[in-house]
Amino acid sequence: MGRQDGSGATPSADGRSSRWRRFRWTPRRRDLAVLGGFLLTAVWVTSQIWVDPAGRVASLYSSDPAQVQFFLAHSVRVVLHGEFPFFTEQFNYPDGVNLMANTAILALGIPMVPVTLLFGPAVTFVLLVTLGLAGTASAWYYVLSRHVVRTPLAAIVGGWLCGFSPAMLSHASWHPNIISQFLLPFIVWRVLVITRSTRPYRDGALLALLVTTQAFINEEILLFTAMACGIFLLAVVAQRPATWSAAWRPMAKALGTCTVIAGSLLAYPLYVQFAGPMAYHGLSDAVRDYGNDIAAFFAPGSPTLGGDQRANINLAPNYSEENAFFGWSLALIVVGIVVWLRRELLVRALAVTAVFFAVLSLGERISWWDRELVTGPWEWLVRLPLLDAVVPTRFGLITSVVVAVLLALAIDRTRELDLPRPAVRTLTVAGLVLALLPILPMPLPMTSRPPVPKFITADRWRPYVGPDQTLVPIPVPSMGNAHGMRWAAATNLDFKIPGGYFLAPRNGNTGDPGRFGGRPSGMGALLEEVASTGRTPKLDDRQRRRCLDELRQWRAAILVLPVRQHHAEPLRQTVEQLVGPGRQELDVWVWDVRTLTDPSA
C-alpha cells in the first residue's frame, strides 16, 4: 500500500484525481469537447452522403446539389483564371446566368477551391453541408455562452438547436448556403453592441465586414437577420422607451459607418444583381406562395427521430422547405417558457420576434392541416422591393433560432428556482428529453445517382468542343434534369452547356419577373417528354428545322447521351431523327454536329 496523508488518499491517486478534474472542467477543453460533439453530429447527419459523395444524392430534388456543385466549379475558374465572378456563360449559353441573382456562394466556394481541385465539387458540397451544420451550432454556442447565458448546458442546448433544428436538417441535403449561418450570431451580437457602443465607428466597420461576407453566402438569410434585429429592438423600445434616448446616437454612427463601408463593397455586385445582364425582378410564381401550414409548427420534421414524411406531405411546400416542425412537445414547452418568464423584457421581445416571423412564414394563405382559413399578411407584403425575392416559408428559420434561444434562457433560469438542486436537474433533463428527443437528427436519406460519364472524365470530349462551342447533354439540362451541370462541374466548367437549373428573367429580358430556366426550348421540351414517357415521336420537317436552329444558336459541337440514361433508346432514336446517326464512345452516344451548326460551313 502507498503512503497516505491525513485525508486518507494516496498522493498518486489524489494527483490523478486533480488532473482529471482539471481536464474535464477547463473552459477551453469544454469548448473543444462541445465543438467536437457538434462536428460528430454533423458527420452523423451527413454520413449517407460521405459514403460516396459523387454517387449519392438526396432522393428528391437532385437538381439543387448539381447547381451548387456548378457554382463551386465556377469559384475555381474565378481563382485560377480570373473569370468574372458575378456572371457566366458556361451554362444557359448564349444568354448566360446572373450569378449574383442565383446565390453563387462565392464566400464559401472561393475558400474551398483547394478542396474542389483535389477532390472535386461533390466532396466540397458534402464538406460544406457538414461544416455548415457544425459551424452554425458552434457559433451560436460561443455567443450564447459568452454573452447571453451563464450555464454551459444552456449554451450547448441553444447552439445544438440552432445548428440541428428540423428546419436546418430539411435544407441540409440541398442548400449549404442556407444552413451556413455561422456568421449570424456574430451579426446579431454586433447589432446589440452598437446600441451601447463607446467606439461606434469601429463597431460599425466590424459589422460591415460581417454583413458583406454574409451577402456572398446568402442574401435572403442576411435580410431575415436584419429584419429580426429590427423587430427585436422595436419590441424592446416599445416596452422600455427610455432605452432609445441612450441608444440612438451610437446606433446612428455605427449603422452609418456600416452602410458606407458595406455599401461601397457591395455596390457593384448589387448593381450586377439588380440591373446587370439576365437580372430579374421578383421570384417565380412557382415559389412565391410557398408558406407553412400552422400544423407544421407542431409536427416533427421528416429527417428526425419522430418524423413521418408521409404525415408532413401537405404541411410544407416540399421536403426541402420544412421550415418549422418543432413537434408538439417542444412547441408547448416554448409557450410554457414564455408564460413562465414573461416578466423578463428579453423574453417578451424574443416572443414577439418569433410570432412575427412565424406569421409571415404562413405565406399568402393561412391554412390548418391543408385547409385554407384566411388571407395572410404576406399577401400585402409580397410585392414590396426585396421582399418580392423572398420565399416566405423560410421566415420560419428565424422562429427556429428564437425558439433555441428561449430554450437556452429557460435552462439558465432554472438556477434561480427555489427547489432542491436534484429536483431542478431532474426537471431540466425530463424537459429536454421531452422537447428534443422527437426531433433528434437522423442521417439524411440518400439514393444513388448516375455517375459522370467516362467520356467526360477521360476528356474524350476535348477534340470536339472548341472554346466558343457547347456540349449538349441529352436530355438538355433543365430544372428537372441537371446531370449535365454535374458533367461540366467535374471538368471545372471547361466546356459550355445550354440550359440548366437557375433563376432568370422570363423570356430572357432583363428586368422581367423571374422563372426557373432560360428561354423556352422546343428541342429541350421535346427530349424531356421523351425522357419522361419513353415514347419515340415521329418528327416532321418543321420540328427538325426548329431544333437545328436551336443547335446553331447554342453553337453546339456535339450531343452526348449516356448509354445508361433512363429511356436511352427512345432518346437515341429521337436525336437520330433530328441530326442523323450517332456513334458510341465509351459509355455515351455522340453526335458530331459541327458541320450542321458552324456558321461558316
Side-chain angles (χ1 to χ4, degrees), residues 39 42-43 45-59 61-83 85 88 90-91 97 99 102-135 172-177 179-180 217 443-444 446-462 465 471 473 477 481-497 500-502 560 562 564-565 586-588:
L39 183 59
V43 171
V45 168
T46 57
S47 57
Q48 295 300 309
I49 322 177
W50 277 115
V51 170
D52 182 10
R56 307 297 298 277
V57 71
S59 53
Y61 323 119
S62 61
S63 294
D64 290 77
Q67 182 193 64
V68 173
Q69 291 175 32
F70 194 97
F71 292 157
L72 294 172
H74 172 71
S75 291
V76 172
R77 296 183 68 85
V78 170
V79 172
L80 295 189
H81 306 298
E83 192 159 294
T88 184
Q90 297 305 116
F91 67 136
V97 174
L99 296 176
N102 277 270
T103 315
I105 58 171
L106 291 167
L108 300 177
I110 288 177
M112 285 290 176
V113 163
V115 178
T116 306
L117 283 172
L118 288 172
F119 304 105
V123 172
T124 305
F125 174 86
V126 65
L127 182 60
L128 284 176
V129 171
T130 305
L131 295 179
L133 294 170
S173 296
W174 298 280
H175 307 138
N177 56 313
I179 65 170
S180 295
I217 296 176
L444 300 171
M446 295 289 139
T447 188
S448 60
R449 62 179 172 183
V452 176
K454 293 180 181 177
F455 178 81
I456 301 296
T457 58
D459 288 341
R460 292 283 287 271
W461 59 271
R462 290 190 184 275
V465 185
L471 181 152
N481 189 325
H483 294 310
M485 295 179 67
R486 290 195 300 118
W487 302 0
T491 69
N492 290 324
L493 312 190
D494 282 351
F495 59 78
K496 297 178 174 70
I497 59 173
Y501 173 41
F502 51 91
V560 178
R564 296 185 180 181
Q565 165 74 36
L586 296 180
D587 52 350
V588 301

Any donor-acceptor pair under 3.5 Å linking the side chain of S180 with the backbone of N177?
-> no

Steps toward side chain to side chain contact (heavy atoms under 4.5 Å, CB included) verdict (N102, F71):
CA-CA 9 Å; N102 277 270; F71 292 157; 4.0 Å; yes

Quiz item: Short question: side chain of Q48, backbone of M446 - any donor-acceptor pair under 3.5 Å?
Solution: no

Discussion item. Given 3.5 Å as the limit, does a donor-acceptor pair link the side chain of D587 with the main chain of K454, or not?
Written reply: yes

- Query: With a 3.5 Å cut-off and no angle check, do the side chains of S63 and W174 form a donor-acceptor pair?
  - Reply: no

Review point. Could you go step by step and tell me if V115 and L72 meet the side chain to side chain contact (heavy atoms under 4.5 Å, CB included) rule?
Key: CA-CA 10 Å; V115 178; L72 294 172; over 6 Å; no

Review point. Can you check whether R462's main-chain N or O pairs, donor with acceptor, with D459's side chain at less than 3.5 Å?
Key: no

Exercise for review: Could you tell me whether the side chain of R449 and the main chain of A54 form a donor-acceptor pair under 3.5 Å?
Suggested key: yes

Are P477 and I497 close enough that some pair of their side-chain heavy atoms sits under 4.5 Å apart? yes

*R486 side chain to P450 backbone, donor-acceptor under 3.5 Å*: yes

Of T46, V45, I49, I179, the one forming a side-chain contact (heavy atoms from CB on, under 4.5 Å) with T130 is T46

Exercise. Please work out whether the ring planes of F70 and F91 are parallel, tilted or perpendicular, with thresholds of 30° and 60°.
Key: tilted

Test W461 against F495 for ring-ring contact (aromatic ring centres under 6.0 Å, His included), laying out the working first.
CA-CA 9 Å; W461 59 271; F495 59 78; 4.9 Å; yes

| field | Under 3.5 Å side-chain donor-acceptor pair for H74 and R77 | value | no

(Q) Using side-chain heavy atoms (C-beta onward) and a distance below 4.5 Å, is F119 in contact with T124? (A) no

So CD of Q69 and CG of L128: to nearest 0.5 Å the spacing works out to 10.5 Å

Between the CG atom in L80 and the CG atom in N492, the distance rounded to the nearest 0.5 Å is 7.5 Å

Practice problem: Assess whether side chain to side chain contact (heavy atoms under 4.5 Å, CB included) is satisfied between L471 and W487, documenting all intermediate values. | Solution: CA-CA 10 Å; L471 181 152; W487 302 0; 4.2 Å; yes

Heavy-atom nearest pair, L39 first then L131, reads CD1-CD2, 4.4 Å

*List the steps, then state whether side chain to side chain contact (heavy atoms under 4.5 Å, CB included) holds for M485 with Q67.*
CA-CA 7 Å; M485 295 179 67; Q67 182 193 64; 4.3 Å; yes

Inset, instruction - Determine yes or no for a side-chain-to-main-chain donor-acceptor pair under 3.5 angstrom, with T88 supplying the side chain and Q90 the backbone. - result: yes

